[in-house]
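Quick notes on the structure that follows.
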Amino acid sequence: MIFKAVGDTKPYPDHGYLTPKDWAGVAPRQVRLDELVTTKSTLDLEALLAEDSTFFGDLFPHIVQWRGTLYLEDGLHRAVRTALHQRSVLHARVLVLDD
């Protein structure tokens, strides 16, 4: 199994981080893929295969930690690409929300 679970909703409260500029203040760190719960259940194949998929956005996936669970909010294609390269860890920005 690649991820801890596959979801299709964001169960955590709105955090107000909308743009890559908002997320830029969150330092990247390593995260294991098998600790992540996705917030999307489908993947855009074009995003996965695009060579320039990070050209207009953040280089790092966005993860929200809420109630001890890591939710992959943005960057599913990067996480799947990491798994396809047989790596189990990726660098991501992790926003920690308090209860």
Side-chain angles (χ1 to χ4, degrees):
M1 180 171 221
I2 296 173
F3 302 111
K4 179 178 179 179
V6 175
D8 61 358
T9 62
K10 298 177 184 178
Y12 46 85
D14 183 28
H15 48 67
Y17 286 63
L18 302 174
T19 67
K21 185 177 180 180
D22 295 333
W23 282 90
V26 180
R29 67 175 179 138
Q30 289 187 340
V31 179
R32 292 182 48 85
L33 293 177
D34 62 3
E35 296 176 340
L36 298 176
V37 175
T38 69
T39 59
K40 297 176 186 172
S41 60
T42 58
L43 174 67
D44 180 0
L45 191 56
E46 286 183 12
L48 176 66
L49 300 175
E51 291 181 23
D52 63 348
S53 64
T54 59
F55 186 74
F56 294 106
D58 196 346
L59 292 174
F60 301 102
H62 299 161
I63 295 172
V64 175
Q65 180 178 330
W66 186 60
R67 294 186 175 171
T69 301
L70 298 173
Y71 294 96
L72 179 61
E73 181 173 279
D74 181 54
L76 179 59
H77 60 290
R78 294 181 195 96
V80 170
R81 194 177 304 135
T82 298
L84 290 173
H85 284 102
Q86 299 182 357
R87 294 185 303 236
S88 59
V89 175
L90 80 155
H91 286 84
R93 299 185 192 278
V94 180
L95 177 66
V96 178
L97 294 181
D98 294 329
D99 274 343

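No hydrogens, no waters, no symmetry mates; every other heavy atom, side chains included, goes into these values. Bear in mind that the values here come from a model prediction, so they are computed numbers and not experimental data.
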Exercise for review: Would you kindly confirm whether L72 and L84 end up in one hydrophobic cluster when ILVMFWY residues are joined by side chain heavy atoms under 4.5 Å apart?
Suggested key: yes

Check your understanding: Distance-only, no hydrogens or angles: does the T39 side chain make a donor-acceptor pair with backbone N or O of T9 under 3.5 Å?
Key -> no

Practice item. For residues A79 and L90, report the shortest heavy-atom separation together with the two atoms involved. Key: CA-CD1, 4.3 Å

Exercise for review: Taking all non-hydrogen atoms of both residues into account, name the closest pair between L33 and R87 and its distance.
Suggested key: CD1-O, 3.5 Å

Check your understanding: Would you say D34 and S88 make side-chain contact, with heavy atoms under 4.5 Å?
Key -> no

Check your understanding: Can you find a pair of side-chain heavy atoms, one from L97 and one from R67, that are under 4.5 Å apart?
Key -> no

Review point. Looking at CG of L59 and CZ of R93, how far apart are the two atoms once the value is rounded to the nearest 0.5 Å?
Key: 8.0 Å

Practice item. Return the set of residues passing ring-ring contact (aromatic ring centres under 6.0 Å, His included) with Y17 (not counting sequence neighbours), or none when no residue passes. Key: H15, W23

Exercise for review: Applying side-chain contact (heavy atoms from CB on, under 4.5 Å), name anything that partners S41, two or more places apart in sequence or on another chain.
Suggested key: V6, D8

Point to revise | For I63, the option from V37, L95, V26, V31 that meets side chain to side chain contact (heavy atoms under 4.5 Å, CB included) | key: V31

Practice item. State, to 0.1 Å, how close G75 and P61 come at their nearest heavy-atom pair, and which atoms those are. Key: CA-CB, 4.1 Å

Revision key, fill the gap. Sequence neighbours excluded, the answer for side-chain contact (heavy atoms from CB on, under 4.5 Å) partners of T19 is K21, D22

Revision key, fill the gap. Q65 meets the side-chain contact (heavy atoms from CB on, under 4.5 Å) criterion, sequence neighbours left out, with R29, L70, V94, V96

**Study point:** Partners passing side-chain contact (heavy atoms from CB on, under 4.5 Å) against Q30 (at least two apart in sequence or in another chain)
**Key:** V89, H91

**Study point:** Side-chain touch K4/E35, heavy atoms, less than 4.5 angstrom
**Key:** no

Practice item. Return the minimal non-hydrogen interatomic distance between W66 and P11, and the atom names on each side. Key: CZ3-O, 3.1 Å

